[in-house]
There are 2 protein chains.
Amino acid sequence: MARNTADALSRERIVGAAVELLDAAGEGGLTFRALTERFKTGPGAIYWHVANKDELLAAATDAVLAGPAVVAEGASPEEAIRAVALGLFDAIDEHPWLAAQLSRGPFRSVTLGIFERIGQQVQALGVPFEAQFTSASALMSYIVGAARQNAVNAANAAIARTTQPGLDRTTFLATEASAWRSLDPAEFPFLHDIAAQFRDHDDRAQFLAGVDLILTGITALRPPG
Amino acid sequence: MARNTADALSRERIVGAAVELLDAAGEGGLTFRALTERFKTGPGAIYWHVANKDELLAAATDAVLAGPAVVAEGASPEEAIRAVALGLFDAIDEHPWLAAQLSRGPFRSVTLGIFERIGQQVQALGVPFEAQFTSASALMSYIVGAARQNAVNAANAAIARTTQPGLDRTTFLATEASAWRSLDPAEFPFLHDIAAQFRDHDDRAQFLAGVDLILTGITALRPPG
DNA sequence: ACCTGAACACCGTTCAAGT
DNA sequence: ACCTGAACACCGTTCAAGT
């Protein structure tokens, strides 16, 4: 016990500092140097509590995802799925580094927990047994994939903003949209046509609309009656 | 001209070597040291042809995605979308490092090209104008997200195989599935129930089933008649 | 049991100097 | 115009040594 208890290093404090570093500067912001400076110690002290950087990232992911995802009591299965999806969307939006962690493999315990929750609602929807795994997998892929894409876009926008101050979301979308509209309509009819929809779209609404498309597809699998 | 033309370094040759290194050992396998060894030169020579590692990764992505994605002439919009989706799925399966590149932002030219192709088919499906952007975005998110997840799983399996030889896909799925089945059915009813479906699932079929769920949702947006 | 801090083997990138 | 190769400022990780 070289330190008093207030100063004492612990796995918990290290994970907490890791989350702060990740939130502040992304995955590149979490380094063992930064942690040693923060705790005024050497790398060996960190390694005593944590096996390596991968394990630290996994622990940070668990810590951040431990809290939320409460679903209202009287909610329908569709509403419950939307709530889980939005919970993940917002968590990744707040902690963009989560995205890379969640796709590390579906066999991390947090990811399995989310898959279970989605699957339960798929069962509650009355989807035939043989189609349940496929349905839940499609939802899971979409939710993680789309939330991830949103986080990457947000992170890119933040980076762009450091070099071009004043480039907020609105002006970015407007610039990109006008580039689309000036594409050759013969070669890029779609991008040309929907430029304005892209300019005016809302990320969360867009994300939820995708969930609803899949839900429509899934409920169509139910036997009639 | 310090070298003869056969030896001459060029952006093209560097990108080609980068693809080989990426295929052989993933994103971590592409280093400037490896490239200098390959071409028996110094890092400055590489930097003369290529701005930095990011640009090299982007060029490698473009090179790999330049070839394929031909869609049969008489194909229906649904078939064309499935073809684009499967083309990307297979490309990512063959070059897992593509996954990280594709989600770098939807504003890289390759990604925009794929989005355009999907969007054209969405228009061909007769989706109302206001819903076209949403529909194409959902498809794009799912396709990239699910293909990405598949690549990550494949890469993880390959890594696991280096430490545990003989751990092929079948035995891995069987082990994981039996772990799911032994979960408490009260806490994990879904995972417990569908363990066998997970064990027996086919990755490509699973991926395509998800595309079809979204297609069902999209076609339901069409006005009746 | 917990921490120190020097050291190792890597990275991407730069740049004066050569031809 | 193109290439050389030493050097810089970083990484994650290890490990003998201390308390």
Side-chain angles (χ1 to χ4, degrees), chain A residues 1-61 97 100-101 104 155-156 159 162-163, chain B residues 1-61 97 100-101 104 155-156 159 162-163:
Chain A
M1 183 92 67
R3 300 154 165 282
N4 61 40
T5 49
D7 267 7
L9 215 49
S10 68
R11 188 182 159 91
E12 209 174 26
R13 293 190 67 208
I14 293 171
V15 171
V19 170
E20 285 176 34
L21 288 169
L22 287 163
D23 286 347
E27 193 156 334
L30 174 59
T31 68
F32 281 81
R33 318 276 155 170
L35 287 171
T36 57
E37 280 167 33
R38 180 93 150 223
F39 290 115
K40 303 197 186 309
T41 181
I46 314 284
Y47 276 96
W48 177 259
H49 296 278
V50 149
N52 52 42
K53 191 173 180 178
D54 271 358
E55 199 204 85
L56 184 51
L57 278 166
T61 303
W97 49 272
Q101 288 310 303
R104 271 298 180 89
N156 285 348
I159 292 168
T162 62
T163 56
Chain B
M1 182 92 68
R3 299 154 166 284
N4 61 39
T5 49
D7 267 6
L9 215 48
S10 68
R11 188 181 159 90
E12 208 175 26
R13 292 191 66 206
I14 292 171
V15 171
V19 170
E20 286 176 33
L21 288 169
L22 287 164
D23 286 347
E27 194 157 333
L30 174 60
T31 69
F32 281 80
R33 318 274 156 173
L35 286 171
T36 57
E37 280 169 33
R38 179 92 150 224
F39 291 114
K40 303 198 187 311
T41 181
I46 314 284
Y47 275 95
W48 178 259
H49 296 278
V50 150
N52 52 42
K53 190 174 179 176
D54 272 359
E55 200 204 84
L56 185 51
L57 277 165
T61 304
W97 49 271
Q101 288 310 303
R104 272 294 180 93
N156 284 346
I159 291 167
T162 62
T163 55

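- Picking from C/dT14, C/dC11, C/dC3 the nucleotide with the shortest atom distance to the side chain of A/L9 gives C/dC3.
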Side chains of residues 23-30 of chain A: which donor-acceptor pairs under 3.5 Å do they make with residues two or more places apart or in other chains?
unit_1	atom_1	unit_2	atom_2	d
A/D23	OD1	A/H95	ND1	2.7
A/D23	OD1	A/W97	NE1	2.7
A/D23	OD2	A/H95	ND1	3.1

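- A close approach under 4.0 Å does occur between a side-chain nitrogen or oxygen of B/H49 and OP1 or OP2 of D/dC3.
- Going from atom CZ of A/R38 over to atom C1' of C/dC3 covers 19 Å, rounded to whole Å.
- Straight-line distance from the CZ atom of B/R11 to the P atom of D/dA1: 18 Å, rounded to whole Å.
- You'll find that the side chain of A/P43 is closest to D/dT14, out of D/dG12, D/dT14, C/dT13.
- Taking each heavy atom of B/A18 and B/L35 in turn, the nearest pair found is N-CD2, 4.3 Å.
- Here the shortest heavy-atom pairing between A/E55 and A/N52 reads N-OD1, 2.9 Å.
- When all heavy atoms of A/R11 and A/A59 are compared, the pair lying nearest together is NH2-CB, 3.7 Å.
- Following rounding to the nearest Å, B/L35 (CG) and D/dC3 (P) show an atom-to-atom distance of 14 Å.
- When all heavy atoms of B/P43 and B/T36 are compared, the closest pair comes out as N-CG2, 3.4 Å.
- If you check D/dC3, D/dG12, D/dT14 against the side chain of A/F32, the one that comes closest is D/dG12.
- Smallest separation of non-hydrogen atoms from B/F32 and B/I46: CE2-CG2, 3.7 Å.
- A/L57 places its CG atom 12 Å from the C1' atom of D/dG12, with the value rounded to the nearest Å.
- A straight line from CD1 of B/I14 to P of C/dG12 spans 14 Å, rounded to a whole angstrom.
- Paired runs in DNA chain C that reach 3 or more consecutive Watson-Crick or G-U pairs, where each pair keeps both distances under 3.5 Å, cover C:4-8 with D:12-16, C:12-16 with D:4-8.
- Rounded to whole angstrom, the span from the NZ atom of B/K53 across to the P atom of C/dT14 amounts to 15 Å.
- Among the protein residues, B/I46 comes within range of no part of the nucleic acid, since none of its heavy atoms lies under 4.0 Å from any strand.
- Residue contacts shown for A/L30 are limited to sugar-phosphate atoms, with no base heavy atom under 4.0 Å away.
- Rounded to whole Å, the C1' atom of C/dC8 lies 12 Å from the corresponding atom of D/dC11.
- Nearest nucleotide to the side chain of A/T31, out of D/dC3, C/dT13, D/dG12: D/dG12.
- Listed here is the closest heavy atom pair of B/A34 and B/L21: CB-CD1, 3.9 Å.
- Atom CG in B/N52 sits about 5 Å away from atom P in C/dT13, given to the nearest Å.
- Heavy-atom distances to DNA chain D give each of A/R33 and A/G44 a nearest nucleotide, and the one nearer the 5′ end belongs to A/R33.
- The phosphate of C/dC2 (OP1 or OP2) has a side-chain N or O of A/W48 nearer than 4.0 angstrom.
- Atom CG in B/L56 sits about 10 Å away from atom P in C/dG12, given to the nearest Å.
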